[in-house]
Structure formats: C-alpha cells, structure tokens
Chemist: 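Dumping the structure here so I can ask a few things about it.
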Amino acid sequence: MIPRALALIAAIALSTGAAHAAYPERPITMIVPFAAGGPTDVVARIAAENMSRTLGQQIVIENVTGAGGTTGTTRAAQSKPDGYTIMMGHMGTHGAAPAVYPNLKYSPTKDFVPVGLASGTPILIVARKTFAAKDLKEFVSHVKGNSDKLNEAHAGVGSVSHTTCTLLNSILGAKPTRVPYQGTGPALNDLVAGQVDYMCDQIVNLTPQIQAGTIKAYAIATAERSPALPDLPTTKEAGLPEFQVSAWNAIFAPKGTPPEAVQKLNAALVKALDDKTARKRLLDLGADIPDVPGRSPEALAKLVDSEIARWNKVIKAK
Ligand code: MLT
C-alpha cells in the first residue's frame with residue numbers, strides 16, 4: 001500500500017514537472033531554405049550559434065532547398081508549432097513569393113508568427129572576374145548590347161537574387177539566360193569559376209570574394225556605401241540610380257507556436273545581435289544590424305506586410 005501511494009505521488013510530481021518544464025528542453029531545428037554556405041545560411045549560423053548559448057539548447061540548422069526557398073518555407077509552415085521548428089526566412093520567402101507563386105502553399109502572414117529581424121542585407125551587382133566591363137556604366141552598356149549571350153545566376157524563382165535581378169534586367173531591358181541554383185552559395189562558386197556572367201546578390205555572401213579579388217563588384221544598390229566595402233560606389237553614384245533595392249533575413253515560427261516560446265526565441269535573438277563577436281561577424285560581412293525596436297515581432301510583422309505589398313507591385317509591373 002505504502003509503495004503504491006509513493007509511486008502515485010512520484011508519478012504526479014513527474015507529470016507536473018513535465019507540464020512546467022522550461023522551454024526549450026531539447027534541440028531546436030532552424031530550417032534554412034537555401035544551400036549551405038550562402039547568405040541565409042551564414043546569417044542563420046551566426047545567429048543560431050549565439051542563441052543556442054542563451055537558450056541552453058542547440059539550434060540545429062537544416063538546409064531544405066528548392067523552388068526559390070519556398071520548399072523549405074512550406075516545410076516550416078507545416079511543422080508542429082511547438083517551438084522546436086523555426087526558420088530563417090527572407091525578403092523572397094516572406095515578401096516576394098506570394099506575388100511570384102500564385103499557388104504558394106503557405107501564407108507568410110497567416111501560417112507564421114514573426115520572431116524577429118536578424119539582419120538587413122544590401123544587394124550588389126557582381127560579375128565574373130573576366131567580365132568585359134570595368135565599372136557600372138560599362139556593365140550597363142555591355143549587358144544592354146549583349147544580354148542574349150549572357151548567363152545570369154540566381155537562387156531560384158522568387159529568391160532575393162532572382163527578384164532583384166528581375167528588377168535590374170527590366171531596368172536595362174536585358175534578357176539574359178537565367179540560371180537557377182539551390183542558393184547563391186553554389187551560384188557564387190560558378191561565378192568565381194567563370195561559368196556564369198553576373199548576378200545580383202546579398203552582400204554577406206560576396207564580401208570575402210570581393211576582398212579576395214575573385215569576382216568584380218560594380219555597385220551597391222543602397223543609398224549609402226557599406227562600411228564593409230567602402231570603395232564600392234552606390235548605384236546612384238555609379239550612374240544607375242533607378243536600381244535601389246535591399247534584402248533582409250528574419251526568424252519565423254509556424255503559426256500556433258506558444259507565445260512563451262516566441263518570446264524566448266526573440267529575447268535570444270535580441271541578445272545575439274548585441275553580442276560583440278556575433279555583431280563583428282555580421283558587420284564584417286556587410287550586414288546591417290537592426291536597432292532594438294526593429295528586432296521585435298511586431299516590427300517584423302509590419303515589415304512583412306509592407307514587403308508583400310511592395311513586391312506585389314514590382315512583380316506585377318514586370
Ligand atoms: C541564399 O541563401 O542562397 C540566398 O538567400 C538566396 C537568394 O534568395 O538569393
């Protein structure tokens with residue numbers, strides 16, 4: 001009788017403990033919807049490494065590629081909303097994709113809860129090292145005159161590189177052969193190898209190669225130069241002011257994720273972005289680190305709404 005009563009008490013204690021166990025109790029999966037080594041992956045790994053320390057549990061990166069990032073994003077949207085699957089999305093997956101894919105299997109607003117903005121990533125126009133143009137003016141005239149013979153690399157329809165170069169090509173009236181990759185990590189490898197001619201890509205993927213002189217960079221499509229690449233002119237300075245565009249990376253969780261989990265994830269992200277080492281790694285690559293108000297879930301929800309509206313206009317106008 002006594003042992004049975006003790007067993008009952010122990011069982012109640014255990015189940016109560018489980019109900020109140022602090023999140024997270026086990027590793028968290030962060031889906032990156034592009035290839036390893038590319039810009040989304042790099043930002044995700046810098047953030048996840050630091051967030052893991054704060055959360056006391058490992059955030060494990062899983063690269064789920066395909067369809068311009070929408071395959072991995074669909075997987076994230078359909079994951080169990082328990083705080084153990086999150087994703088690093090971006091301007092393409094949560095901004096441009098609804099306009100690009102009429103039958104998209106997820107809604108960036110209805111199927112996700114925003115966790116927080118991780119970084120802003122300016123867009124650069126880059127080409128293989130041997131490309132026949134020394135500056136942006138020559139690039140523009142060469143692409144205008146020869147686009148049918150050129151290959152432009154991108155990370156799949158709807159990705160950042162695809163949508164931003166759609167904009168560039170339309171400004172230039174260019175119709176290159178558009179070559180899709182599973183991410184701009186592998187696309188950049190082919191650019192360095194000279195197998196493709198040019199691309200529009202996020203600065204965090206490009207800075208080391210530009211510094212090493214293995215590719216040509218023509219301009220940054222933001223209002224200001226980047227401290228990471230101070231010699232690179234803006235598109236306005238270099239003669240193409242119409243091409244102004246920038247991207248971003250942000251963490252999302254599937255809709256229905258418990259608010260306590262979202263709050264803990266956001267707090268860990270906020271802390272990561274104030275960490276000296278994580279900040280330096282991001283800034284050295286040219287990322288813009290959001291200010292504290294810009295890191296909140298509410299700020300990210302507003303950004304997503306405005307980006308969906310912006311890209312809807314841009315894509316429909318093409
Ligand atoms: C990547 O991580 O490969 C990129 O974010 C792809 C892109 O959207 O251009």
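Because only heavy atoms are used, hydrogens play no part in the values below, and waters and symmetry mates are left out as well, while side chains stay in. Each ligand, and each atom within it, is numbered from 1 in the order the structure gives.
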Chemist: Taking ring-ring contact (aromatic ring centres under 6.0 Å, His included) as the definition, give me every residue that meets it alongside Tyr84, ordered by chain and number, with sequence neighbours left out.
Modeler: Tyr23
Chemist: Once the angle between the rings of His162 and His154 is folded into 0 to 90°, is it parallel (under 30°), tilted (30 to 60°) or perpendicular (over 60°)?
Modeler: perpendicular
Chemist: Have a look at Asp201 and tell me which of Thr184, Thr121, Thr164 forms a side chain to side chain donor-acceptor pair (under 3.5 Å) with it.
Modeler: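 With Asp201 as partner, Thr184, Thr121, Thr164 yield a single side chain to side chain donor-acceptor pair (under 3.5 Å), made by Thr184.
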Chemist: For Val160, counting its heavy atoms only, list the atoms of ligand 1 lying under 4.0 Å from any of them.
Modeler: 7 (C), 8 (O), 9 (O)
Chemist: Quick one: which ligand 1 atoms are inside 4.0 Å of a heavy atom on Gly183?
Modeler: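 Here the atoms of ligand 1 in question are 3 (O).
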Chemist: If you count heavy atoms of other groups shown closer than 6.0 angstrom to CZ of Arg75, is the number above 12?
Modeler: no
Chemist: Find the distance between CG (Asn50) and NZ (Lys271) and round it off to the nearest 0.5 Å.
Modeler: 7.5 Å
Chemist: Is any N or O atom of His90, backbone or side chain, closer than 3.5 Å to an N or O atom of ligand 1?
Modeler: yes
Chemist: Among Pro39, Gly38, Gly69, which one puts a heavy atom closest to atom 4 (C) of ligand 1?
Modeler: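 That would be Pro39.
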Chemist: How far is atom 6 (C) of ligand 1 from its nearest protein heavy atom, and which residue and atom name does that atom have?
Modeler: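 Result for atom 6 (C) of ligand 1: Ala155 CB, 3.3 Å.
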Chemist: For atom 5 (O) of ligand 1, what's the nearest protein heavy atom and its distance?
Modeler: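 I find the closest protein heavy atom is Thr40 OG1, 2.6 Å.
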Chemist: Provide, to 0.1 Å, the distance between atom 3 (O) of ligand 1 and the closest protein heavy atom, together with that atom's residue and name.
Modeler: Thr184 N, 2.8 Å
Chemist: Does any part of the side chain of His94, heavy atoms only, come nearer than 4.5 Å to the side chain of Glu307, both counted from C-beta?
Modeler: no
Chemist: Using the benzene-type ring in the case of Trp, are the ring centres of Tyr198 and Phe139 under 6.0 Å apart?
Modeler: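 Ring centroids of Tyr198 and Phe139 are less than 6.0 Å from each other.
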Chemist: Regarding ligand 1, does His162 bring an N or O atom to under 3.5 Å of one of the ligand's N or O atoms?
Modeler: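 No - when backbone and side-chain N and O of His162 are compared with those of ligand 1, no distance drops under 3.5 Å.
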Chemist: Any N or O on Gln182 sitting closer than 3.5 Å to an N or O of ligand 1?
Modeler: no
Chemist: Counting only heavy atoms closer than 4.0 Å, does ligand 1 sit against the backbone of His154, its side chain, both, or neither?
Modeler: neither
Chemist: Around atom NZ of Lys255, are there more than 12 heavy atoms of other residues, nucleotides or ligands at under 6.0 Å?
Modeler: yes
Chemist: Give me the nearest non-hydrogen protein atom to atom 9 (O) of ligand 1 as residue plus atom name, then the distance to 0.1 Å.
Modeler: Ser161 OG, 2.6 Å
